[in-house]
Amino acid sequence: MTERLTDIGPPHYEKFLPPVVKENYGKWKYHEILKPGVMVHVSESGAKLFTVRMASPRLLATDTIRWIADLAEKYCGGYLRWTSRNNVEFLLTDESNIDPLIGEIKKNGFIIGGMGNSISNIVHTQGWVHCHSSATDASGIVKAVMDDLSQHFENMDLPGKLRIALACCLNMCGAVHCSDIAILGTHQRPPRIEHDTLDKFCEIPNVVSACPTAAIRPATVDGKPSVEVLEENCMYCGNCYTVCPSMPLNNAETDGISIWVGGKVSDARSIPKFSKLAIPFIPNNPPRWPEVVEAVHNIVDVWAKNAKKYERMGDWIERIGWPEFFRLTGIEFTKYHIDDFKHAGLSFKRTAQMRHLPEE
Amino acid sequence: MTERLTDIGPPHYEKFLPPVVKENYGKWKYHEILKPGVMVHVSESGAKLFTVRMASPRLLATDTIRWIADLAEKYCGGYLRWTSRNNVEFLLTDESNIDPLIGEIKKNGFIIGGMGNSISNIVHTQGWVHCHSSATDASGIVKAVMDDLSQHFENMDLPGKLRIALACCLNMCGAVHCSDIAILGTHQRPPRIEHDTLDKFCEIPNVVSACPTAAIRPATVDGKPSVEVLEENCMYCGNCYTVCPSMPLNNAETDGISIWVGGKVSDARSIPKFSKLAIPFIPNNPPRWPEVVEAVHNIVDVWAKNAKKYERMGDWIERIGWPEFFRLTGIEFTKYHIDDFKHAGLSFKRTAQMRHLPEE
Amino acid sequence: MAASIEDVANAMFEIVKDGAGSKKYKPSDLTKMMVEKLETDKKTCKAAIKELVNSGRLVYTYFGGSFLEIPHKEGAAPD
Amino acid sequence: MADEKATPLLDELEKGPYPSFVREIKLAAKNNKMAAGVLHQLEKSYRDKIGYWKHGGIVGVMGYGGGVIGRYSALPDDFPEVAHFHTLRVNQPAGWFYTADVLRKICDMWDKHGSGLTNMHGSTGDMVLLGTRTEELESVFGELTKMGFDLGGSGSDVRTPSCCVGPARCEWACFDTLKTCYEITQHYQDELHRPAFPYKYKFKFAGCANDCVAAIARSDMSFIGTWKDDIQQDDEEIKNYAKAGLDIQSDVVENCPGKCMTWDPDNMKLTIDNSYCLKCMHCINVLPKALRPGKQRGVTILLGAKAPIVEGALLSSVLIPFYDIDNEGLDDLFELVEDGIWDVWTENGKNRERVGEFIQRVGMGNFLESIGLEPDPHMISHPRDNPYIFFDQEDEEEEA
Amino acid sequence: MADEKATPLLDELEKGPYPSFVREIKLAAKNNKMAAGVLHQLEKSYRDKIGYWKHGGIVGVMGYGGGVIGRYSALPDDFPEVAHFHTLRVNQPAGWFYTADVLRKICDMWDKHGSGLTNMHGSTGDMVLLGTRTEELESVFGELTKMGFDLGGSGSDVRTPSCCVGPARCEWACFDTLKTCYEITQHYQDELHRPAFPYKYKFKFAGCANDCVAAIARSDMSFIGTWKDDIQQDDEEIKNYAKAGLDIQSDVVENCPGKCMTWDPDNMKLTIDNSYCLKCMHCINVLPKALRPGKQRGVTILLGAKAPIVEGALLSSVLIPFYDIDNEGLDDLFELVEDGIWDVWTENGKNRERVGEFIQRVGMGNFLESIGLEPDPHMISHPRDNPYIFFDQEDEEEEA
Ligand code: SRM
Ligand code: SRM
Ligand code: SRM
Ligand code: SRM
Ligand code: SF4
Ligand code: SF4
Ligand code: SF4
Ligand code: SF4
Ligand code: SF4
Ligand code: SF4
Ligand code: SF4
Ligand code: SF4
């Protein structure tokens with residue numbers, strides 16, 4: 001047996017760079033999007049690198065990865081990459097390979113796009129496929145929503161980029177908190193406390209201090225050390241469950257989804273922003289979550305129709321004002337929309353600047 | 001003896017309105033500033049009301065009020081008012097009375113102005129003249145600062161309005177927290193606890209809960225119920241003293257002044273804003289507080305030189321950025337400028353949008 | 001004389017063993033305790049922890065934060 | 001100690017172009033011992049860099065819980081004239097209008113019973129009579145009421161309301177600030193004089209978004225005039241301004257926060273997309289002859305402003321986006337204030353918790369529910385960005 | 001229970017134009033029992049609207065404290081194939097570049113030892129190998145290291161760093177994101193594999209303010225490329241864009257947050273007042289052939305981003321306004337991170353307190369002092385607006 005290697009770290013990236021990249025590393029001059037999903041980068045040296053971007057469900061079988069590898073071999077000298085939103089990028093130097101490559105991709109049921117002012121892949125998480133913490137599934141909703149929006153993946157027909165993300169619980173793995181549209185798995189009930197096992201599995205002081213709203217306090221139940229939850233102080237964040245398996249929150253009847261809008265990450269034009277609550281709750285409705293699909297579709301449509309060029313969701317809403325956002329989308333404004341966590345007061349409107357519609 | 005009247009409220013304002021106001025109440029059409037300190041309001045009816053605005057130290061002797069009354073009688077049919085910034089406004093209908101009135105005012109050592117894009121009176125408070133709570137005097141600093149800035153009261157030579165306010169302690173009587181420049185009496189040491197009297201004068205639970213930073217806890221001292229202050233948690237706000245006379249903070253050695261900038265109240269152009277810390281501390285230096293006078297003068301000058309027309313202090317700073325404000329004014333940026341109270345994190349720069357000067 | 005890696009590791013192990021079932025320790029907890037109790041530094045503590053884990057005497061566990069524990073039967077929850 | 005009568009430090013403050021408060025104190029001190037006392041104690045403060053007043057003092061006029069601030073010298077032996085030095089807060093007439101006559105009467109009274117010193121006015125808006133002795137309080141009060149004046153607030157009560165000059169002299173007043181201020185003051189005489197709240201409650205009334213009385217920053221309940229329809233526009237006057245050299249593009253259009261104006265310099269035509277106008281007043285301020293607020297006028301009512309102590313300063317936030325106060329009157333408002341806001345706040349507020357702090361503590365959503373107002377997106381600058389939503393647990397179909 | 005093998009609900013998700021994860025699971029399930037198991041358990045989840053995984057699990061590879069997420073089915077009797085279903089987080093190559101060869105090798109290994117299912121990639125950036133049994137972990141690890149791969153982070157350690165494609169393909173990279181990412185990953189192998197912090201610590205590297213790797217939102221330490229001097233400008237190309245119909249005024253100039261551009265349409269001349277440019281990238285994004293970042297390039301380093309649990313979500317905030325990382329190298333940075341930030345945070349942070357929360361708790365001023373950095377106005381969006389200043393009490397000349 002050979003020596004057990006540890007701490008070698010990832011392989012050096014240079015091993016995987018195509019020759020055209022190695023030669024022009026740091027020397028790219030400009031790029032152009034040639035058509036949806038296809039762009040070219042031109043180097044100071046004149047060299048060109050063509051990129052074809054393919055949608056991916058992220059959850060990939062080895063056979064599909066092999067198929068991707070085969071395509072890369074056939075058209076790209078074996079070179080490819082994934083993007084930060086989990087799309088596949090084929091890296092070509094021979095322009096004439098672009099269309100045949102695309103042909104093969106489409107034949108196998110995959111699509112091309114996600115560049116420029118389009119909707120790219122939905123950044124998402126594990127859901128019922130792998131995580132214990134989820135209030136909803138991830139991949140299923142993503143599939144249903146993207147089926148509905150795929151024309152915006154395959155075309156660049158939007159005012160600006162639109163980034164959607166999904167997280168299956170409030171832990172928010174992914175940049176859900178800063179997305180143009182965020183789909184978030186949401187519990188609606190306090191944890192169930194399994195008093196029998198709690199003391200065995202969990203450190204009570206840790207559990208108590210895990211709660212953002214101080215809803216948990218130590219208690220003795222049937223003679224055993226445990227905790228109790230002040231239900232009116234609980235907002236179902238699930239942090240207690242993260243540190244203590246004996247406090248599960250998931251609930252087939254009451255789990256579901258909330259929708260958030262107007263976040264962004266880039267510093268282009270406006271500074272990064274958090275997503276804000278649009279729809280407090282939509283019940284889980286597998287396999288295709290039609291209410292979620294429709295809600296997202298509606299928001300995308302209203303934005304696409306009304307925003308100016310380059311105007312991201314959040315910038316558009318700031319320009320027209322939140323009252324107008326609710327009016328145009330027909331989404332109901334409720335007390336849930338009004339913040340009541342720590343910095344709540346800072347989201348109250350502390351100005352008399354306001355748009356009033358003239359009396360009807 | 002006549003019946004003791006109570007709850008009659010203030011006299012009806014109509015009693016004091018000049019006839020031209022009664023006749024044109026709610027019918028004013030437009031106004032014009034004719035020269036510094038003099039404006040005319042023109043009614044739909046064509047009627048004109050001239051206003052002459054005179055600076056006041058706010059603290060007035062009855063003899064001076066009598067002199068003012070005499071002037072009003074002589075030139076204004078006996079009508080006059082005070083403004084929300086404590087200036088006196090003479091209300092004239094006869095334009096030819098303006099200059100003689102101004103002549104008499106000036107002869108008696110008072111000045112005219114405070115209108116339009118100028119510095120008006122400094123809203124201020126009691127200080128050593130009347131309040132137990134003060135960390136500095138009020139009227140003295142106001143006098144010294146306004147002596148220095150009186151040309152900006154008497155002329156309209158500024159980019160926009162500049163509102164200065166002073167409060168002699170953190171209670172901030174006045175709109176100090178929303179002023180272009182705020183001068184604030186500031187303690188630097190925790191309260192002295194007079195254990196002998198504390199239990200007699202103060203309710204200990206009230207005292208404990210008065211502290212914004214939870215620095216106070218009950219304690220028994222020399223057998224008597226009292227409190228102790230965790231000095232490292234105290235930021236000298238004086239709220240404990242407000243509820244408990246046995247915890248004075250004032251200190252001849254360490255009391256002084258902090259300077260704040262960029263607040264505003266009006267909703268014109270930008271929404272109201274709080275003033276932000278410019279200079280954490282300047283020691284008290286009566287009778288003329290030259291360091292304070294100079295600091296304010298400098299800030300006014302830099303703003304006046306650099307702001308665009310109509311640009312209030314805060315809007316100007318937001319346009320150029322705080323680093324540039326500190327650079328232009330030469331004020332040192334310290335750790336004290338970085339917020340560490342409840343919403344501190346919201347004032348951190350959470351963007352990569354930034355101005356860098358090219359390397360020297 | 002400064003404590004050896006070995007000494008520190010043994011002392012750490014004892015603490016974790018005594019706490020098993022009631023108190024869990026993070027590497028930083030153990031390091032702080034050692035620096036306080038023994039004549040040692042953070043570097044030695046780090047080496048001691050590596051030693052303990054590589055030898056299998058302690059394992060890293062994760063339940064709302066990473067801890068060092070005596071190896072126990074695997075499963076969804078510690079038992 | 002040096003010459004008891006000399007005031008070398010304060011004398012420095014008689015110099016300079018701005019009117020001097022020292023001159024005022026000296027003026028009063030000529031005939032008034034109290035004024036002389038405060039002059040000399042103040043000189044000592046200037047020497048020692050510290051104030052010499054004792055904390056508080058429980059004095060007042062009979063039956064009232066507010067309107068007088070008790071004050072005692074910390075050095076009564078050195079300055080016996082100001083051993084007592086209480087102030088009275090006299091409720092000013094709305095808009096601070098006076099006649100020469102009434103001023104003289106007040107002066108005469110104050111020379112007789114007090115220090116001869118005043119603040120015209122205090123920061124809340126009262127006429128402040130600065131310094132008298134306990135035994136004079138009832139006489140002052142008696143003479144004031146005879147003249148038709150009454151005391152203002154202090155302590156945990158309604159504080160003296162104040163308002164901008166409004167329709168009395170300003171072309172931009174979108175509601176009658178003086179009338180509203182007066183009527184509310186009268187309606188709440190009891191609450192003004194008999195403290196029954198967790199803490200103070202201030203009203204201020206500004207006729208438009210210029211907010212000349214700093215209502216949004218200084219009053220628990222802030223009324224700010226606004227309008228709903230289009231800005232009234234006189235195209236000829238706009239041309240006149242442009243011809244006179246005003247740069248409409250840079251001075252007006254580019255400063256519009258609603259970004260809803262366009263200027264056609266060739267035709268000297270200003271176009272306002274009024275549906276995006278934020279009623280900020282800027283364009284009207286710059287072009288007073290050409291632009292005026294619309295005709296459907298009313299107020300925005302905001303709640304909660306206060307100074308920093310304890311939880312940090314607050315500006316008021318929108319409670320009622322639009323209310324046609326001049327036409328609909330005050331009755332509904334009185335109901336909302338008394339049976340809604342004050343009831344809930346007095347019931348649940350902590351000692352010294354201003355209403356703005358209270359709302360932040362209990363949550364705006366809960367507060368609205370408890371006072372029976374519907375949530376409205378105009379109340380917020382943006383919806384929540386944290387996912388910590390307390391869902392109602394109405395249908396509790398789960399295990400108990 | 002219905003036909004154990006039927007998946008009518010999931011079958012619905014094979015329909016539609018977007019690539020289907022159900023198709024992927026079925027593909028793997030053809031030859032792999034684990035994949036079949038997850039398919040059927042997932043179908044049950046879809047039926048019952050609830051997940052069926054147990055909480056956590058203490059598994060890993062020898063000596064490491066991270067890189068494996070233990071997972072057990074809550075219904076092991078019904079779905080024995082996924083009784084164990086642990087994932088491995090495999091540290092991806094910087095920039096997610098691969099060759100066909102290496103992908104095939106990984107696939108072969110994973111078919112042999114795992115479920116045949118992957119996430120390409122996880123949200124942090126790892127290649128996620130989705131589902132295997134405890135007894136396979138060491139074999140997978142052995143084969144991975146043989147191929148030159150290693151595990152990424154999980155638990156309270158450095159998490160797998162990731163970066164945008166940067167200079168490998170992007171003309172706007174202001175520093176070498178791949179090299180920096182790789183070197184930091186290598187330097188912190190120990191911290192990545194052996195959790196010793198209060199909580200996780202993520203690094204992300206974006207070559208410019210477009211932030212294509214969402215660094216500012218998702219990494220405790222965010223590196224964002226920027227420049228100091230003037231935007232490189234090619235006036236001819238600007239003319240070409242304008243001639244081609246681009247509206248430079250409305251598309252570029254009016255979107256500039258620095259408000260520092262002017263467009264002269266007559267001379268087709270764009271002027272940038274670079275001293276006011278905020279390096280936001282917008283104009284460059286719209287005019288890639290005409291504008292490019294300046295030549296004095298470096299990074300802004302920001303600290304503290306995280307998801308909402310516990311104290312609410314945070315974006316990173318500026319720690320080092322500008323650092324010429326490509327030329328000055330990483331050594332100073334390593335020192336700041338190890339002897340400064342990590343030391344202070346590990347010493348004083350509470351369990352599960354991210355560094356962003358820690359800074360908010362102890363105060364940025366104190367934090368800077370403790371790590372030996374000078375306060376800089378670039379670190380804040382504005383100075384404090386509350387007067388609650390803790391002054392240093394150095395010269396304690398008062399009574400003890
Ligand atoms: C490939 C990728 C980087 C990588 O290392 O993988 C990438 C590549 C490019 N980005 Fe990006 N961005 C990538 C993720 C992002 C992200 C991160 C994310 O989405 O989570 C952002 C931040 C999004 C946000 O703000 O929420 C991002 C914000 C931008 C922007 C700014 C957009 C804006 O207006 O706010 C630009 C500029 C532009 O498009 O004009 C940009 C521009 C570009 C350019 C044009 C840069 C260049 O010259 O090569 C690249 C192609 C653009 C395109 O797809 O339209 N890239 N870009 C990522 C592709 C993700 C995907 O598959 O869709
Ligand atoms: C008399 C007074 C109202 C009163 O009831 O007493 C008043 C009267 C007028 N104000 Fe005011 N304002 C008065 C205090 C205020 C205040 C309150 C304060 O200073 O504490 C503000 C808010 C200041 C702030 O934002 O911090 C105020 C913000 C304005 C503005 C908006 C200024 C801005 O650009 O932000 C205008 C519009 C303008 O001047 O163009 C305005 C305009 C006016 C006009 C032109 C209104 C009119 O058409 O009659 C009046 C004369 C203006 C002048 O003095 O230049 N008034 N004005 C107050 C005079 C105070 C003084 O003696 O100086
Ligand atoms: C006289 C006056 C200052 C002045 O010179 O103008 C004043 C004087 C005092 N104020 Fe004030 N406040 C005065 C207007 C204000 C204002 C401005 C306003 O009302 O528009 C504020 C800020 C707005 C607000 O209400 O938040 C103000 C915020 C305070 C506070 C802080 C309250 C808070 O909730 O943050 C205190 C402390 C307290 O109430 O415990 C305070 C307390 C005090 C006390 C009673 C001192 C105390 O701790 O008990 C002062 C008595 C001084 C004296 O000896 O005469 N005073 N005080 C003002 C009242 C005159 C009048 O009736 O017209
Ligand atoms: C696998 C992955 C989601 C995915 O499908 O991509 C993931 C999965 C989990 N995350 Fe995450 N997180 C993943 C990226 C993230 C990200 C995004 C990122 O790193 O860019 C975030 C938000 C950024 C951040 O760190 O704040 C994230 C924020 C969390 C949190 C909240 C942490 C916080 O401080 O707010 C938790 C809860 C915790 O750590 O206690 C969490 C916890 C978890 C756990 C370990 C569940 C738990 O409670 O212990 C999940 C395991 C799921 C499973 O069964 O496989 N995960 N997690 C991502 C890691 C894959 C990878 O290594 O590439
Ligand atoms: S978001 Fe929640 S449920 Fe989804 S993978 Fe992350 S921790 Fe698990
Ligand atoms: S779910 Fe969240 S709020 Fe509710 S008890 Fe648990 S930790 Fe507290
Ligand atoms: S600011 Fe403070 S010291 Fe000045 S009058 Fe008000 S309470 Fe008194
Ligand atoms: S001065 Fe303020 S912070 Fe200090 S003990 Fe008193 S109340 Fe607390
Ligand atoms: S607030 Fe408006 S209405 Fe009142 S005086 Fe000022 S400008 Fe006129
Ligand atoms: S009032 Fe203000 S928002 Fe409305 S058009 Fe005029 S400047 Fe614009
Ligand atoms: S962050 Fe900037 S440098 Fe990196 S890929 Fe995106 S645009 Fe290019
Ligand atoms: S990079 Fe952004 S801030 Fe700088 S000139 Fe271009 S658009 Fe303006």
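Numbers restart at 1 for each chain; the letters A, B, ... are given by sequence-line order, proteins then strands. The basis for the numbers below is simple: all heavy atoms, side chains too, and nothing from hydrogens, waters or symmetry mates.
Heavy-atom distances place no part of A:Ser209 under 4.5 Å from chain E, backbone and side chain included. If you measure heavy-atom distances from A:Leu49 to chain E, the contacts under 4.5 Å come from the side chain alone. Both the backbone and the side chain of A:Cys131 come within contact range of chain E, judged by heavy atoms closer than 4.5 Å. Contact annotation for A:Lys342: only side-chain heavy atoms (C-beta onward) come within less than 4.5 Å of a heavy atom of chain E. Heavy-atom distances place no part of A:Trp67 under 4.5 Å from chain E, backbone and side chain included. Contact annotation for A:His343: neither backbone nor side-chain heavy atoms come within less than 4.5 Å of a heavy atom of chain E.
For the residue pair E:Ala307 and A:Asn171, the shortest heavy atom distance occurs at CB-O, 3.2 Å. The minimum heavy-atom distance between E:Pro19 and A:Lys143, with the atom names listed, is O-CD, 3.7 Å. Here the shortest heavy-atom pairing between E:Asn119 and A:Gln126 reads OD1-NE2, 2.8 Å. Closest of all the heavy-atom pairs between E:Asp211 and A:Ser266 is CB-CA, 4.5 Å. Taking both residues in full, the closest heavy atoms of E:Tyr18 and A:Asp147 are given as N-OD1, 2.8 Å, listed atom of the first, atom of the second, then distance. The shortest non-hydrogen separation linking A:Pro272 to E:Leu315 is O-CD1, 3.9 Å.
The CG atom of A:Leu60 sits 9.0 Å away from atom CG of E:Leu117, with the distance rounded to the nearest 0.5 Å. Atom CD1 of E:Ile216 sits about 8.5 Å away from atom SG of A:Cys178, to the nearest 0.5 Å.
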| said: Assess the residue pair E:Arg292 and A:Glu44 against the criterion (salt bridge (Lys or Arg N to Asp or Glu O under 4.0 Å)); give the C-alpha distance rounded to whole Å, side-chain angles, the decisive distance to 0.1 Å, and a yes or no. | reply: CA-CA 13 Å; E:Arg292 307 177 68 186; A:Glu44 312 258 15; 3.4 Å; yes
| query | Passes salt bridge (Lys or Arg N to Asp or Glu O under 4.0 Å), E:Lys49 versus A:Glu253? Steps please. | reply | CA-CA 8 Å; E:Lys49 304 193 194 178; A:Glu253 309 299 323; over 6 Å; no
| Stepwise side chain to side chain contact (heavy atoms under 4.5 Å, CB included) test for A:Arg4 and E:Phe141 | CA-CA 9 Å; A:Arg4 188 170 178 276; E:Phe141 182 65; 3.5 Å; yes
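Using a 4.0 Å cut-off between charged side-chain N and carboxylate O, A:Glu73 and E:Arg104 make a salt bridge. With respect to E:Arg169 and A:Glu89, a salt bridge is recorded, a charged nitrogen being found less than 4.0 Å from a carboxylate O. At a threshold of 4.0 Å, the pair A:Arg66-E:Asp108 counts as salt-bridged, since one of the basic side-chain nitrogens sits closer than that to a carboxylate oxygen. Here E:Arg194 pairs with A:Asp7 in a salt bridge; the nearest charged N to carboxylate O distance falls below 4.0 Å. Ion pairing of A:Lys27 with E:Glu171 is absent here, as no side-chain N (NZ or NE/NH1/NH2) approaches a carboxylate O to less than 4.0 Å.
A donor-acceptor pair shorter than 3.5 Å cannot be found between the side chains of E:Arg352 and A:Asn206. Side-chain contact, E:Asp251 with A:Tyr310: no donor N or O sits under 3.5 Å from an acceptor N or O.
Ring planes of A:His130 and E:Phe85: tilted class, angle from 30 to 60°. Using cut-offs of 30° and 60° for the angle between ring planes, the A:Phe16 and E:Phe149 rings count as parallel. Note on ring orientation: taking the six-membered ring where Trp is involved, the planes of A:His132 and E:His55 are tilted (angle from 30° to 60°).
Checking each of E:Tyr98, E:Tyr182, E:Phe97 against A:Tyr13 for a side chain to side chain contact (heavy atoms under 4.5 Å, CB included) leaves exactly one that passes, namely E:Tyr182. Screening E:Asp126, E:Leu151, E:Thr185 for a side chain to side chain contact (heavy atoms under 4.5 Å, CB included) involving A:Pro10 leaves a single residue, E:Thr185.
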